[in-house]
Amino acid sequence: MKTMKKVLITGANKSIGFETARQLLDLGYYVYLGSRDLEKGEEAVARLNSDNVEAIKIDVSDEASIKAARKTVGEKTDVLDVLINNAGVRGIVPQTPSSVSVNEIRKVFDTNFFGLIEVTQTFFDLLEKSEAPRIVNVTSGLASLTLHSDPSWKYYQVKGGAYGPSKSALNAYTIALAYELRDTPFKVNAVDPGFTATDFNEHRGTGTVPDAAARIVKYAVVDENGPTGQYFSDDNSPETGVSPW
Ligand SMILES: NC(=O)c1ccc[n+]([C@@H]2O[C@H](COP(=O)([O-])OP(=O)(O)OC[C@H]3O[C@@H](n4cnc5c(N)ncnc54)[C@H](OP(=O)(O)O)[C@@H]3O)[C@@H](O)[C@H]2O)c1
């Protein structure tokens with residue numbers, strides 16, 4: 001019997017991460033549903049109503065929590081096929097670049113950048129044991145430095161000092177990691193789910209959660225001919241889906 005592919009999704013107790021879990025379950029994956037609050041994670045698991053999902057407590061801004069999650073997952077499996085680094089925070093609003101406190105910027109980077117790297121490194125040995133490891137780093141259209149230089153871009157004026165920079169940094173890390181792994185079976189991509197109605201933006205987003213999750217899932221399941229080291233954003237590039245960096 002073919003074993004099920006296993007995926008860890010951070011920040012999956014609600015919104016885009018939760019829906020990503022649902023879609024991957026439908027595709028036959030076994031899901032480790034990451035949640036920084038175990039109770040919320042278990043409630044989410046109950047809503048999914050499947051034998052192939054379990055909650056894992058993981059706060060990506062807390063080294064001890066990441067280590068504990070690695071230990072827990074390691075007691076359940078020797079192999080992880082997919083890591084979806086979805087957990088993210090927006091930070092306070094506004095984030096006026098000349099005045100937003102470095103403390104606030106650090107908080108955003110702790111989750112969106114350093115936390116993502118720490119999770120990736122901590123679970124790397126399990127991913128290496130997969131025949132076809134996939135890493136999806138959930139980024140934002142606002143990460144594009146090229147588009148931030150284009151006055152005709154619809155988000156040209158959205159220039160906060162914390163969130164966008166944290167996702168641009170995440171993109172830079174994605175490029176570097178994908179390059180390191182270029183001669184291996186790994187595929188590592190940065191994927192923008194699009195401006196989506198969730199708690200993240202008080203539901204002001206224009207896209208739907210199922211569409212956002214489908215964008216992530218698409219790159220979680222790519223085959224050996226699929227892309228690596230790319231930045232995908234249907235919002236930034238509706239025709240090709242490939243965003244300028
Ligand atoms: N929504 C959009 O328009 C949009 C656009 C572009 C990119 N994104 C990105 O998409 C991802 C998901 O966004 P969303 O709209 O689903 O946001 P959301 O509704 O705010 O959900 C965020 C999830 O991340 C979790 N999380 C936050 N900090 C965490 C930490 N330190 N450790 C573990 N989990 C943590 C939250 O947990 P709690 O429930 O405990 O808070 C929640 O499960 C984020 O990376 C975001 O930057 C969103």
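Position 1 is the first residue of the sequence; numbering continues from there. Not measured: the values here are computed from a predicted model. For ligands, and for the atoms within them, numbers begin at 1 and follow the listed sequence.
Among all protein heavy atoms, the one lying closest to atom 7 (C) of ligand 1 is Thr139 O, 3.1 Å. In terms of protein heavy-atom proximity, atom 21 (O) of ligand 1 is closest to Lys14 CE, 3.7 Å. If you check which protein heavy atom lies closest to atom 3 (O) of ligand 1, you get Thr196 N, 2.8 Å. Distance from atom 32 (N) of ligand 1 to its nearest protein heavy atom, with residue and atom name: Val60 N, 2.9 Å. The protein heavy atom nearest to atom 22 (C) of ligand 1 is Gly88 O, 4.0 Å. Looking from atom 12 (C) of ligand 1 to the surrounding protein, the closest heavy atom is Asn86 OD1, 3.2 Å. Given atom 41 (O) of ligand 1, the protein heavy atom at minimum distance is Arg36 NH2, 2.8 Å. Shortest contact from atom 23 (C) of ligand 1 to any protein heavy atom: Gly11 O, 3.6 Å.
In summary, Arg47 and Glu43 do not engage in a salt bridge, as defined by a charged side-chain N under 4.0 Å from a carboxylate O. Using a cut-off of 4.0 Å between Lys/Arg side-chain N and Asp/Glu carboxylate O, Asp223 and Lys187 are scored as not salt-bridged. Using a cutoff of 4.0 Å between basic side-chain nitrogens and carboxylate oxygens, Glu202 and Arg90 are scored as salt-bridged. We find that Asp234 and Arg215 are joined by a salt bridge, their nearest charged nitrogen and carboxylate oxygen being less than 4.0 Å apart.
With sequence neighbours excluded, the residues satisfying side chain to side chain contact (heavy atoms under 4.5 Å, CB included) with Thr184 are Leu181, Phe186. For Tyr219, the ring-ring contact (aromatic ring centres under 6.0 Å, His included) partners at least two apart in sequence or on another chain are Phe232.
The shortest N/O to N/O separation between Lys167 and ligand 1 falls below 3.5 Å. Geometrically, ligand 1 and Pro193 share no nitrogen or oxygen pair separated by less than 3.5 Å.
Within the 4.0 Å heavy-atom cutoff, Val89 counts among the residues contacting ligand 1. The shortest heavy-atom distance from Gly205 to ligand 1 is not under 4.0 Å. Under the 4.0 angstrom criterion for non-hydrogen atoms, Arg90 is not in contact with ligand 1. Distances from ligand 1 to the non-hydrogen atoms of Phe18 include no value under 4.0 Å. In this structure, Thr10 does not count as a contact residue of ligand 1, since none of its heavy atoms falls inside 4.0 Å of the ligand. The shortest heavy-atom distance from Val209 to ligand 1 is not under 4.0 Å. Using a non-hydrogen distance threshold of 4.0 Å, Gly194 registers as a contact of ligand 1.
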Run the ring-ring contact (aromatic ring centres under 6.0 Å, His included) check on Tyr163 and Phe109 step by step: do they pass?
CA-CA 8 Å; Tyr163 179 71; Phe109 269 74; over 10 Å; no
Worked check of side-chain hydrogen bond (donor to acceptor under 3.5 Å, both in side chains) between Thr10 and Asn86
CA-CA 5 Å; Thr10 61; Asn86 167 74; 5.4 Å; no
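Applying the 4.0 Å criterion to heavy atoms of Val138 picks out, from ligand 1, the atoms 9 (C), 10 (O), 11 (C). Counting atoms of ligand 1 from 1 in the listed order, those under 4.0 Å from a heavy atom of Ile58 are 32 (N), 33 (C). Near Asp199, with a cut-off below 4.0 Å to any heavy atom, the atoms of ligand 1 are 19 (O). Shown in contact with Lys40 at under 4.0 Å from a heavy atom are these atoms of ligand 1, numbered in order with element: 39 (O), 40 (O).
Arg182 forms a cation-pi arrangement with Tyr179, by the criterion of a distance under 6.0 Å to the ring centre and an angle within 45° of the ring axis.
Using modelled atom types, one finds a donor on one side chain and an acceptor on the other under 3.5 Å when comparing Asn137 with Thr174.
A donor-acceptor contact shorter than 3.5 Å links the side chain of Asn112 to the backbone of Val89.
Phe123 and Ile58 make their closest contact through CE1-CD1, 4.1 Å (heavy atoms, listed as atom of the first residue, atom of the second, distance).
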